[in-house]
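Please read the structure below before turning to the comments.
Residue numbering restarts at 1 for every chain, and letters A, B, ... go by the order of the sequence lines. The structure presented is a predicted model; accordingly, all values stated were derived computationally and were not measured.
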Number of protein chains: 4
Amino acid sequence: MKKVKVGIIGTGRIGKIHADNLLRMAEAEVVAISDLFVTEELKAWAGARGIGIVTPDSAELVRHQEIDALFICSSTDTHVPLIIQAAAAGKHIFCEKPVSMDAVRTREALEAVLMAGVKLQIGFNRRFDHNFKRLRELVGQGRVGVPHLIKITSRDPNPPSPAYIKVSGGIFMDMAIHDFDMARYLAGSEVDTVFAQGAVLVDPVFGELDDLDTVITTLTFESGALAVIDNSRRAAYGYDQRVEVFGSRGAAAADNDYPNTVVVSDENGVGRDKPLHFFLERYNEAYVEEAKMFIDSVLHDRPLPVEGFDGLQAELIAQAAKRSVKLGRPVKLSELA
Amino acid sequence: MKKVKVGIIGTGRIGKIHADNLLRMAEAEVVAISDLFVTEELKAWAGARGIGIVTPDSAELVRHQEIDALFICSSTDTHVPLIIQAAAAGKHIFCEKPVSMDAVRTREALEAVLMAGVKLQIGFNRRFDHNFKRLRELVGQGRVGVPHLIKITSRDPNPPSPAYIKVSGGIFMDMAIHDFDMARYLAGSEVDTVFAQGAVLVDPVFGELDDLDTVITTLTFESGALAVIDNSRRAAYGYDQRVEVFGSRGAAAADNDYPNTVVVSDENGVGRDKPLHFFLERYNEAYVEEAKMFIDSVLHDRPLPVEGFDGLQAELIAQAAKRSVKLGRPVKLSELA
Amino acid sequence: MKKVKVGIIGTGRIGKIHADNLLRMAEAEVVAISDLFVTEELKAWAGARGIGIVTPDSAELVRHQEIDALFICSSTDTHVPLIIQAAAAGKHIFCEKPVSMDAVRTREALEAVLMAGVKLQIGFNRRFDHNFKRLRELVGQGRVGVPHLIKITSRDPNPPSPAYIKVSGGIFMDMAIHDFDMARYLAGSEVDTVFAQGAVLVDPVFGELDDLDTVITTLTFESGALAVIDNSRRAAYGYDQRVEVFGSRGAAAADNDYPNTVVVSDENGVGRDKPLHFFLERYNEAYVEEAKMFIDSVLHDRPLPVEGFDGLQAELIAQAAKRSVKLGRPVKLSELA
Amino acid sequence: MKKVKVGIIGTGRIGKIHADNLLRMAEAEVVAISDLFVTEELKAWAGARGIGIVTPDSAELVRHQEIDALFICSSTDTHVPLIIQAAAAGKHIFCEKPVSMDAVRTREALEAVLMAGVKLQIGFNRRFDHNFKRLRELVGQGRVGVPHLIKITSRDPNPPSPAYIKVSGGIFMDMAIHDFDMARYLAGSEVDTVFAQGAVLVDPVFGELDDLDTVITTLTFESGALAVIDNSRRAAYGYDQRVEVFGSRGAAAADNDYPNTVVVSDENGVGRDKPLHFFLERYNEAYVEEAKMFIDSVLHDRPLPVEGFDGLQAELIAQAAKRSVKLGRPVKLSELA
């Protein structure tokens, strides 16, 4: 194999981002895309990129002899069956998070992957952010000593549509899941208990849809470390994604990215522009990086940076958080087994 | 009254700070101090400051006709009896936190104060910090809209001695109590439930003394807002006291103070000095400010900036946090009634 | 014209950067490159990019019927003849700075461009930096009022080789010329007088080659505003490119870019990584942007963002600075006419 | 001597600041003040502070047997005669800057001090600022290597009154003189040449009074280092006093002080309050520090932190700057001899 031939299933926003990032890599080639809705626009989009196959049938991609790897970017409910089919067909898999909203189903998918001996990377893009990568590196070098506390701030600039909220799996599974993965990634230890509290403060529609828009989750790790994550569906000043690791020798904290460094001082005070608006702006390079790592892993049979197990663990934490809110008490991850 | 004549009970570190601050105020006069241990050194200290009365007997100060107000800076177990005596003698009272470690006792003290019609200010000095005052002001002006989340980081540079830990009342009553007051102060609402988790990560001695050294407390408020506080008994880089209020219109965050603004860039990176080391450095001016406000309130019969009720509430939150750790579940403040 | 067909003359570092940036643009096509030294490596490089023509003869590109625009990235002494030939052949031109080291020659080139009615953009890439663009935008919006003072810090991480220094035209023509353009760009006024002072503090080799390595240049503008620029050939902490505009209503200042936002606090202090190392890292996106603007201008006949006249002015300021050092007095730009 | 007995000549704003600072020191006693205008208000002011002697006649203080040291805070034209008289009377002297506007006169004063063997400290308060002190310390420790460039930003929030401008000695002698001292202090070398350029951009009144309101001064030092200082009589955002030292191993930069650390993020951007407004706010502690050092030096016969010679040098630089503007060329300090 000199190039990884890729098929992309689902060409919504994120599927297209992956396609464009892969198209720029010398070691990858996008040979096919599938989407339930093959519009003229989509055909034109594929044509302009020299992508030969555009089909409504994902099975066509799964079967395609030349395809080495599939990017699964379709809706969450399709992830498990597609992973199972792809694994059976011997394709390597990149799958957006979450694998599913049901740990039993996710485990089935992981088992299929294991049996088939293919690779499965989960789309936890934030691990590839330049700030968080550096944070992890410093923690790994022992710069903060033994981690005691991990603090994650994670707020979106705007809530999704009610239609999306309905199928999102709720704030823990849809949004905080990234933070749960980040906490594990930085703690270097597995979660023991989860306690979550929440409120509907941004928009009553969240309450009507049995969801929350403002939550605080605290985690305890097997190592003894603690973590706390706060999420909000709406920060007036844009995307807010900060992480701090506090340990026995000090603390390391990653701030937001800003569009520029210009500071204006006038009679009203000192100011600068808001942080980068949302994930497309903030994690632009992280998406490139995660795809590169996947392609590299497939091509040279190197270890994956995020695996199916990581996806499962983050899902379990999200499930535990949901249950914790319901029961009004901390939930042990082991209770979910 | 043209000057408030003050007696100071207990001349440990904090008693002496209050004395020196009061001595610099045109509107106050320190006429007497009491301490269980009247050493030659203490006499010299008082002499150099023109303080006429130095006695081991606090009752002498309570009885003294000329004294208008008492600063109670002795050990916590003496606070309630002293408040009751002082109130009976018609003295105004400034009392260090906590009033007591038992809500029933604290309520007795507050009742005595109410009956006597004297003033009682509790030593929540952080409300007078220039950063937190400005934060409160901005929140009060609606700059962040309706508060949704309050985040407080509160870490000491070094743990106290085992002897102190033993009588401290534990990390919640001794240390986090300041943060509980800060959360109430900023939320503009009363606490509904408290959930606390903790670990012994800094020094096993905390565990041996049935205490914790690293804790996370989450609060829910009657307003619906949430708060989260993390405490550690040891931050390698010094005192870490940061507060953030996040609301419907934005966020306001107070950072630490630094000894200077100098930034050095060299081949190793970009660096600056650590934050101000501990509370004496950081809250130096806040101590002056709180004493000024008390004197001003006594002299001109203006409302107090922090009252006995505030002390009681923070104590109740601390009690609830302790119980939450013990029971492994959130505790409603109303359960403690 | 649906795409601008480009030939690149000179494929050193900067020529290759332009090629790669153009290759990524839908509206541009790189059809040919020329370089005095056509190595196997260069052929492979071009082959991998689908560039059909690789020749040692720049005239071949100038003559080529299909080429719409030429990027002149060869050594400075070739700029003027190439511009004159390209203009005569009706090609649009992007030329790296400086056009020449002799104002008479530069004016000849500009006249040829004017006569031929082609476009000539000069490679002042910093105007396209996200920070400086934002700065200019804010100044243009009147956020700082009438500009009074412009301050530019411009320091390289490492000196060039003695071989390069010899042909560089000296620190003013080679390095500060970018800052002279920036000052004009921000002042919105033409320079009246130039005063420069310098020293050899970084490496004696500069002195041996009749050059300086550390200089301060002050400018006065026709508007009455002042500017000051400091340059050093070696900053231990990397590339330092900061700009401040101070005016009647306030100040706007652009800081350096950093590879990440992570801050580490430990017992030694608070630190972060050094700024982005050099121009390739810092101005990566600015190079893309300037090429885009040029292509866009050619394709849609829009005004250029930097023209030949801007190149000439910056060269004149550099000449005046050099003369100022020699004469030990301020030099009026009009003296150089 | 157990306490230094001080007389203060001139009780304008700065005289009163020194008085209040001295009154708080255990090692100093303010026994007398003199002012041309002894108002009832001044008497009350002195009375409230227990200052026994209030006189319109400075000679009374000079003659007073018990006075050890005089603070000369009267108008500049009185400095030289007062220094000469005080020296003759054996009094130690703290004198506000400048000693005079005429180097010949200043030298006379310095000679008188030398002959009498008394101490003379000049009021260059900025050397005692916590930021600049730390900067100096770091430079002294070699943290930036050999200094190459010193950059000083020095801008006032508001211009003085025309009446003051008239007698101020001009922007160089009145305002930039502090920066000239700072440059010498940090360079650890004496100034060789001075080049200054200026404009009237803030208010035409400066031009009418033959003064400037916006100036840039460049200095060369005997060590080979360069310095550049920019001054403006009006910064819309308040007092702006920043200093940077750039050297062979890196750079150290001191930023402004701010009233608090609170940062507000909302839909309009990220902002904070303006820097501390003016010298009284910014250099509050520096005034205390300089007086303490003087008292300490007198009491324990320790070396002074700023001497008469420092005053003379800064004056000479100011004179050279003025002449440079007039002649339109750099002026060597040696030309002024």
Side-chain angles (χ1 to χ4, degrees), chain A residues 143-153 155 192-203 212-221 223-238 240 242 244 246-253 274-275 324 327-332, chain B residues 143-153 155 192-203 212-221 223-238 240 242 244 246-253 274-275 324 327-332:
Chain A
R143 285 296 305 277
V144 303
V146 179
H148 289 182
L149 279 170
I150 294 165
K151 291 182 74 171
I152 301 178
T153 303
R155 301 166 188 159
D192 187 42
T193 67
V194 180
F195 178 72
Q197 278 162 302
V200 177
L201 299 169
V202 171
D203 191 329
L212 301 162
D213 55 34
T214 309
V215 294
I216 294 178
T217 311
T218 53
L219 309 173
T220 64
F221 288 90
S223 67
L226 304 170
V228 61
I229 299 155
D230 74 271
N231 297 100
S232 167
R233 283 290 196 180
R234 186 175 182 282
Y237 50 88
D240 192 355
R242 288 170 287 149
E244 178 182 338
F246 170 76
S248 55
R249 290 184 52 201
K274 289 185 289 185
S324 170
L327 302 180
R329 64 160 175 85
V331 170
K332 275 186 154 312
Chain B
R143 284 297 303 277
V144 303
V146 179
H148 289 182
L149 280 170
I150 293 165
K151 291 182 75 171
I152 300 178
T153 303
R155 302 166 188 160
D192 186 43
T193 68
V194 180
F195 178 72
Q197 279 162 303
V200 177
L201 300 169
V202 171
D203 192 329
L212 302 162
D213 54 35
T214 308
V215 294
I216 294 179
T217 311
T218 53
L219 309 173
T220 64
F221 287 89
S223 68
L226 305 169
V228 61
I229 299 155
D230 74 271
N231 296 100
S232 167
R233 282 291 195 179
R234 187 177 182 279
Y237 49 89
D240 192 354
R242 288 170 287 149
E244 178 182 338
F246 170 75
S248 56
R249 289 185 53 201
K274 289 185 289 186
S324 170
L327 303 180
R329 65 158 176 87
V331 170
K332 275 185 153 315

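The main-chain N or O of Ser248(B) is found under 3.5 Å from a side-chain atom of Arg234(A) such that the two form a donor-acceptor pair.
With rounding to the nearest 0.5 angstrom, the CD1 atom of Ile150(B) is 12.0 Å from the CG atom of Asp230(A). Taking NE2 of His148(A) as the start and CD1 of Ile216(B) as the end, the distance is 12.5 Å to the nearest 0.5 Å. To the nearest 0.5 Å, atoms CZ (Arg155(B)) and CZ (Phe246(A)) are separated by 5.0 Å.
For the set Val202(B), Val215(B), Leu149(B), the count of heavy-atom pairs under 4.5 angstrom toward chain A peaks at Leu149(B). Residue with the most contacts toward chain A among Thr193(B), Val200(B), Thr218(B): Thr218(B) (heavy-atom pairs, distance under 4.5 Å). Options Gly247(B), Gly224(B), Gly198(B) differ in how many heavy-atom pairs under 4.5 Å they form with chain A, and the most are formed by Gly224(B). Put simply, of Thr153(B), Leu327(B), Val144(B), the one with the most heavy-atom pairs under 4.5 Å next to chain A is Thr153(B).
In terms of heavy-atom proximity, Gly250(B) sits nearest to Ala236(A) at N-CB, 3.8 Å. When all heavy atoms are compared, the tightest approach of Leu226(A) to Thr214(B) is CD1-O, 3.8 Å.
Looking at Ala227(A), only its backbone comes within 4.5 Å of chain B, counting heavy atoms on both sides. For a residue to count as touching a neighbouring chain, one of its non-hydrogen atoms must lie under 4.5 Å from one of that chain's; by this rule Leu201(A) touches chain B with backbone and side chain alike.
Classification of Glu244(B) and Lys151(A) as a salt-bridged pair fails, no side-chain N sitting under 4.0 Å from a carboxylate O.
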